2 protein chains.
Amino acid sequence: MNLACETCPVRDRAACAVLNDGARDDLARSGRTRKLRRGDILFSRGEEDAACAMLVSGALKIATFDTEGNEHILALVHPSGFIGELFAPFATYDVVALTDSELCVFPRSEMLQALDENPKLAKALLRRTEEELRRSRKLLELSGRSSAIGRVASLIRGMADAASKTSCHMAQKFDLPLTRGEMANMLGLTIETVSRSLTRLEREGILRRNGVRGIELIDPAQLGLMG
Amino acid sequence: MNLACETCPVRDRAACAVLNDGARDDLARSGRTRKLRRGDILFSRGEEDAACAMLVSGALKIATFDTEGNEHILALVHPSGFIGELFAPFATYDVVALTDSELCVFPRSEMLQALDENPKLAKALLRRTEEELRRSRKLLELSGRSSAIGRVASLIRGMADAASKTSCHMAQKFDLPLTRGEMANMLGLTIETVSRSLTRLEREGILRRNGVRGIELIDPAQLGLMG
DNA sequence: CGATTGTTTGATCTTACTCAAGTCTCGTGG
DNA sequence: CCACGAGACTTGAGTAAGATCAAACAATCG
């Protein structure tokens with residue numbers, strides 16, 4: 001399906017926002033929209049001709065499997081996020097839909113060419129990659145020393161931020177896009193430890209659980225203070 | 001001191017290698033070389049006007065301190081590496097010399113301008129940032145699940161790779177640029193655990209220690225196979 | 001409705017942390 | 001040159017946090 005930039009909900013937040021109309025139309029011609037259902041695979045590790053994409057709606061996970069077959073989630077992608085490794089000979093990670101999602105997909109060659117023709121686009125992608133690096137290092141810092149409950153608290157905090165539309169406040173009530181197992185894979189914990197941590201956060205009056213996925217923050221400030 | 005690109009040992013590996021002579025000379029005019037002794041600070045977290053730099057020789061660490069004052073090392077920088085956050089309002093990390101080092105330092109504004117004028121440079125930095133992101137995620141993967149000994153083994157492996165000049169083979173004999181404490185901070189372990197892991201790797205015949213810093217790999221293949 | 005998958009909770013075990021003591025290394029000054 | 005002291009490193013014993021194993025419970029889907 002062809003792109004419909006005019007009605008795109010992330011048109012002024014995604015990387016393509018830096019392009020002028022002409023350049024964006026050129027790029028749009030080489031792109032296609034794609035819809036994924038929860039669990040659908042966008043790219044798989046090892047693919048040689050992996051494309052790149054911008055997420056319009058939904059959520060994705062970027063993950064690998066270690067030698068014992070355990071999934072390890074390295075990052076999440078939220079709407080307006082860029083996905084793809086422009087310079088890798090083949091895809092390093094699996095990219096999978098966490099919820100039903102919509103994307104614009106572009107062949108890598110076209111994106112690389114657009115990069116040459118639009119220095120602004122190159123700069124925008126550099127900025128995004130820099131931010132992604134910061135996020136990755138944040139997670140790394142977290143994995144390094146925090147206690148289990150601190151990691152879970154921090155993940156919830158990040159989810160609350162991502163769930164809010166406005167960049168200043170975090171959502172106070174939202175649904176987790178991840179299963180307990182996925183949270184565990186992301187934080188380097190087990191399912192049981194994640195579950196116990198959530199139970200404890202609830203017992204301590206920091207949040208309330210609504211069903212299995214729903215979270216309501218009671219005391220957001222405390223979230224940041226958990227060891 | 002002014003730059004001497006002609007005699008630069010990393011002139012064909014660093015990001016500036018993609019520039020033609022004219023463009024490189026332009027950039028060189030705004031840069032200065034800087035020498036650091038072990039322990040010297042290049043940038044500190046929070047600096048508003050942090051510059052950016054290319055490492056010519058030596059080694060750096062990129063680190064933060066958590067709320068309890070523990071250092072957490074997020075990445076190492078080896079010769080030809082690029083250092084700096086072009087789009088952050090202030091520096092996110094401390095950057096400190098691990099050994100005596102030499103760098104070319106550029107004001108951020110000049111680098112951003114060079115980016116606009118040389119799409120190739122933007123592309124080169126994008127590629128580097130992408131690679132740095134991959135390295136960060138690799139470390140993240142490691143921190144997630146591996147046993148202590150697996151993490152230490154993997155760090156040693158990375159050091160061996162970095163210590164070799166040729167990109168194909170890893171060095172078989174080299175000196176660790178990190179103290180036990182720094183290794184611990186990087187891997188999310190304690191000094192004692194790192195020390196015990198090294199002892200065990202030696203006892204199992206995988207490596208030999210020469211003094212405190214020297215490492216000689218006996219069975220490099222085994223390094224990759226540790227839990 | 002049953003089956004499957006995901007979640008919670010409990011009991012036990014393992015790994016790495018903590019605390020403590022001793023050793024090695026290296027630089028400084030007598 | 002040696003003695004000393006400060007750091008860095010190693011090793012041991014006990015402890016704690018989270019993993020593992022196990023069982024019950026909830027949600028979802030055909």
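Source: prediction; values computed, not measured. Lettering follows sequence order; numbering is per chain, from 1.
- Without hydrogens or angle criteria, A:T99 side chain to A:G58 main chain gives no donor-acceptor distance under 3.5 Å.
- Of the candidates A:L103, A:I41, A:D100, A:L36 forms a side chain to side chain contact (heavy atoms under 4.5 Å, CB included) with just one, namely A:L103.
- Of the residues in residues 195-209 of chain B, those with a non-hydrogen atom less than 4.0 angstrom from any atom of DNA chain D are B:S195, B:R196, B:T199, B:R209.
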Problem - Check against side chain to side chain contact (heavy atoms under 4.5 Å, CB included), B:R180 and B:V212 - result: CA-CA 9 Å; B:R180 298 288 182 272; B:V212 153; 4.3 Å; yes
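- Look at A:R145 and B:E68 and you find no salt bridge, because none of the NZ, NE, NH1 or NH2 atoms lies under 4.0 Å from a carboxylate O.
- Contacts of A:T179 with the nucleic acid, taken as non-hydrogen atoms under 4.0 Å apart, involve only primed sugar atoms and P, OP1 or OP2.
- Nearest-nucleotide mapping onto DNA chain C: of B:G211 and A:E192, the residue sitting toward the 5' end is A:E192.
- With rounding to whole Å, B:N185 atom CG is found 14 Å from D:dA8 atom C1'.
- OP1 or OP2 of D:dA19 lies within a sub-4.0 Å distance of a side-chain N or O belonging to A:T190.
- B:R151 contributes a side-chain N or O that, together with a main-chain N or O of B:L187, makes up a donor-acceptor pair within less than 3.5 Å.
- Note: CZ (A:R180) to C1' (D:dA26) measures 12 Å, nearest angstrom.
- Between A:V212 and A:S146, the residue whose closest nucleotide on DNA chain D is further toward the 5' end is A:S146.
- The distance from atom CZ of A:R37 to atom P of D:dC29 is 10 Å, rounded to the nearest whole Å.
- No donor-acceptor distance shorter than 3.5 angstrom exists from the side chain of A:E132 to the backbone of B:L133, with no hydrogens or angles considered.
- Atom CE of B:M183 is separated from atom C1' of D:dT10 by 13 Å (rounded to the nearest Å).
- Using a cutoff of 4.0 Å between basic side-chain nitrogens and carboxylate oxygens, B:E141 and B:K138 are not scored as salt-bridged.
- Between B:E182 and B:L176 the shortest side-chain heavy-atom distance does not fall below 4.5 Å.
- Judged by distance alone, with hydrogens and angles left aside, the side-chain atoms of A:E130 form no donor-acceptor pair with the main-chain N or O of B:T129 at under 3.5 Å.
- On the nucleic acid side, DNA chain C contacts chain A at distances under 4.0 Å to non-hydrogen atoms, with the end points of that region at C:dT7 to C:dA11.
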